[in-house]
Amino acid sequence: MEEAEAVCDRVAIMVSGKLRCIGSIQQLKSKFGKGYLLEMKVKDSQKVEEIHQEIRRIFPQGDRQDRFSSLLCYKIPMDNVQSLSQAFSQLEEAKRVYDIEEYSFSQPTLEQVFLDLAKEQERDDFDQDAMFKWRPLKSESV
């Protein structure tokens, strides 16, 4: 994916043998990226819950994806971000107050867009082509 981002003007993504989308990398990230990715490295793991509450205050629909001892990852919907400058100023304030070591706030990578499309296709395929069709058993009278 990194090579595709570096070399290609347009990219097509195929999932399960079906063409899902085609366009410039920026178009695909904007259309299928579904928001921003916030990653934070915390100095003091005791403050993780406080930091989580602050992130929920700044981005109400932010969804925590992963949590390791000192790393927090969130998906932030686009409509939670009125302006990038405001988001960065709030994150800088949280960094200062909660002693956050570092953070990154970015669009999803092309690889993340591909994985999201593949998961979506997998869910659709599973729903449509279920292996088992459940039906009630006939009750026997004794």
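- The cluster map of Ile, Leu, Val, Met, Phe, Trp and Tyr, joined by side-chain heavy atoms under 4.5 Å apart, puts Ile13 and Leu115 in the same cluster.
- Between Glu5 and Ile25, the closest heavy-atom pair is CA-CD1, 3.2 Å.
- Annotation for Asn80 and Pro60: closest pair OD1-N, 3.3 Å, computed over non-hydrogen atoms.
- Between Asp44 and Asp99, the closest side-chain pair of non-hydrogen atoms is not below 4.5 Å.
- Between Arg57 and Glu54 there is a salt bridge, with a side-chain nitrogen of the basic residue lying less than 4.0 Å from a carboxylate oxygen of the acidic one.
- For the residue pair Tyr103 and Glu92, a side-chain donor N or O sits within less than 3.5 Å of a side-chain acceptor on the partner.
- Each of His52, Gln53, Lys47 was scored for a side chain to side chain donor-acceptor pair (under 3.5 Å) with Glu49, with one residue passing: Gln53.
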Working note: Phe114 + Val15, criterion side-chain contact (heavy atoms from CB on, under 4.5 Å); need CA distance, chi angles, decisive distance, verdict. CA-CA 8 Å; Phe114 171 76; Val15 179; 4.2 Å; yes
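- Between atom CE of residue Met78 and atom OH of residue Tyr36 there is a gap of 4.5 Å, rounded to the nearest 0.5 Å.
- Residues Val81 and Ala87 share a closest heavy-atom pair of CG1-CB, 4.1 Å.
- Within 6.0 Å of CG in Asp79 there are more than 12 heavy atoms belonging to other residues, nucleotides or ligands.
- The backbone N or O of Gly62 lies less than 3.5 Å from a partner atom in the side chain of Arg56, making a donor-acceptor pair.
- If you check the side chains of Gln26 and Ser30, you find a donor sitting under 3.5 Å from an acceptor.
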Go through the steps to decide whether Ile55 and Arg64 satisfy the test side-chain contact (heavy atoms from CB on, under 4.5 Å), and finish with yes or no. CA-CA 9 Å; Ile55 296 305; Arg64 184 158 58 186; over 6 Å; no
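- Ser106 contributes atom OG, which lies 6.5 Å from atom CD of Glu39 (distance to the nearest 0.5 angstrom).
- Residues Met1 and Ile22 do not share a hydrophobic cluster, clusters being chains of Ile/Leu/Val/Met/Phe/Trp/Tyr side chains in contact below 4.5 Å.
- In this structure, CD on Gln46 lies 11.0 Å from CD1 on Ile51, to the nearest 0.5 angstrom.
- Tyr74 and Val42 fall within the same hydrophobic cluster, where Ile, Leu, Val, Met, Phe, Trp and Tyr residues are linked whenever their side-chain heavy atoms come under 4.5 Å apart, directly or through other members.
- Note that CG of Leu71 and OG of Ser45 are 12.5 Å apart. Values are rounded to the nearest 0.5 Å.
- Look at Asp63 and Lys75 and you find no salt bridge, because none of the NZ, NE, NH1 or NH2 atoms lies under 4.0 Å from a carboxylate O.
- Leu91 and Val97 fall within the same hydrophobic cluster, defined by Ile, Leu, Val, Met, Phe, Trp and Tyr side-chain heavy atoms under 4.5 Å apart, directly or through other members.
- We find the CE-CD1 distance between Met40 and Ile100 to be 3.0 Å, quoted to the nearest 0.5 Å.
- Atoms CZ and OG, from Arg10 and Ser24 in turn, are 8.0 Å apart once rounded to the nearest 0.5 Å.
- Between Leu37 and Gln112, the closest heavy-atom pair is CD2-NE2, 3.2 Å.
- Across Leu38 and Ile76, no two heavy atoms sit closer than the pair CB-CG1, 4.1 Å.
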Apply the test side-chain contact (heavy atoms from CB on, under 4.5 Å) to residues Phe32 and Cys21: give CA-CA distance (whole Å), side-chain angles for both, the deciding distance (0.1 Å), then the verdict. CA-CA 9 Å; Phe32 299 103; Cys21 56; 3.4 Å; yes
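- Sparse packing is recorded around CD of Glu111, with 12 or fewer heavy atoms of other residues, nucleotides or ligands lying under 6.0 Å away.
- Hydrophobic clustering places Phe59 together with Leu84 (ILVMFWY residues linked when any side-chain heavy atoms are closer than 4.5 Å, directly or through intermediates).
- The heavy-atom pair separating Leu28 from Val113 by the smallest distance is O-CG1, 4.1 Å.
- Under the 30°/60° scheme for interplanar angles, the aromatic rings of Phe105 and Phe88 are found to stand perpendicular.
- Using a 4.0 Å cut-off between a side-chain N of Lys or Arg and a carboxylate O of Asp or Glu, Lys43 and Glu102 do not qualify as a salt bridge.
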